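This report concerns only the one structure given below.
For clarity, every value in this text was computed on a predicted model and none was experimentally measured. As the structure lists them, so they are numbered: ligands from 1, and atoms in each ligand from 1.
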Amino acid sequence: MQNKKPMRQKPEKQGILLKKQFGQHFLQDHFFVDQVVNKIPFVAGTNVFEIGCGEGVLTKAIAQQPLLNKLRVFEIDPEWAALVTNDLASDARVQVSQINILDVNLNELFAGEKWILLANLPYCITFPILHLLQKSSAVVKEGVIMIQEEVAQKILKKSGRGYGYPSLFFQHYFDWQLMDKVPPTAFFPPPKVDSRLLYFKTNENPVTIVDEEGFWKFIKMCFLQPRRTLKNNLQQSRYGIQPFTPELLQKRAQELSMQDFLNIWNVLQTK
Ligand SMILES: C[S@@+](CC[C@H](N)C(=O)[O-])C[C@H]1O[C@@H](n2cnc3c(N)ncnc32)[C@H](O)[C@@H]1O
């Protein structure tokens, strides 16, 4: 008779199965919950939104803040959205919506107000969420997020391995501050990776870039194969290599700063 492998039990909490596709690793360690909630001092009228409440550990800690004005929660999973709605039903300041955050127009929803984001993000959509925040800078001013350690390091890199389009883009539009590194044991179920808390503040006056969209496409092209030279990455592109000096073409994008790229971009505009 064949030896049957024992069936691995699917993780669940409060009778609800945890869904891997939604990055459901719930924060258990209250030390880190406090780090998130206490980083930005609440003042009278503070509005907070959370992306993904899960079972509501962070949500409840935020709702305990006496100076909280409003708390908006966006949770894609109907089971957790219903549970937290029910748990916090008596608190009129809290509103939980069952929705995909990527379908929310924060500028419209929060128009005329200032909001803070406090969230343990679903790691699989970290970059789409950061792009959404960048587009929502009129209403989202600062926040604390939990993301994957490797991604946090990528965002903060100034050169070398790991430095690339996300580093340049997200450093241009936000100021970042590293907070605690968080081990897998702080979550249930534990993720396979380390995590990191990051504080961000929207950069109110980023340097103006001519044809911003074109510039970021150009940056992506420069980093197409990050280990190769600019010459290799650009010669087949629509930019070509004509306008650049041989010294510059021998460099890798990972050796260039934001200012270097802006200088190159300005030269390209005059061609
Ligand atoms: C890492 S868990 C954090 C849960 C809880 N805040 C905590 O700290 O324990 C991420 C949460 O985001 C939710 N989520 C995943 N994708 C989402 C999306 N596109 N829009 C809204 N919520 C999402 C998941 O269902 C999950 O509850």
Who's the nearest protein heavy-atom neighbour of [atom], and how far?
{"atom": "atom 25 (O) of ligand 1", "value": "Glu75 OE2, 2.6 Å"}
{"atom": "atom 1 (C) of ligand 1", "value": "Gly23 O, 3.1 Å"}
{"atom": "atom 23 (C) of ligand 1", "value": "Ile76 CG2, 3.5 Å"}
{"atom": "atom 8 (O) of ligand 1", "value": "Asn120 ND2, 2.9 Å"}
{"atom": "atom 20 (N) of ligand 1", "value": "Ile101 N, 2.9 Å"}

Task: Verdict with reasoning, Glu113 to Lys70, per salt bridge (Lys or Arg N to Asp or Glu O under 4.0 Å) - done: CA-CA 11 Å; Glu113 298 174 324; Lys70 285 186 267 185; 2.8 Å; yes

Open item on the list: Let me confirm one number: the CG-CG distance from Leu256 to Leu230, rounded to the nearest 0.5 Å.
Closed with: 5.5 Å

Any nitrogen or oxygen of [X], side chain or backbone, less than 3.5 Å from one on ligand 1?
{"X": "Glu50", "answer": "yes"}
{"X": "Leu102", "answer": "no"}
{"X": "His25", "answer": "no"}
{"X": "Leu27", "answer": "yes"}
{"X": "Phe26", "answer": "no"}

Open item on the list: When you measure from the heavy atoms of Ile99 to every atom of ligand 1, does any distance fall below 4.0 Å?
Closed with: yes

Open item on the list: Suppose we call two aromatic rings close when their centres sit under 6.0 Å apart. Are Phe169 and Trp216 close by that rule?
Closed with: yes

Open item on the list: Just checking Gln21: does its CD atom have more than 12 heavy atoms from other residues, nucleotides or ligands closer to it than 6.0 angstrom?
Closed with: yes

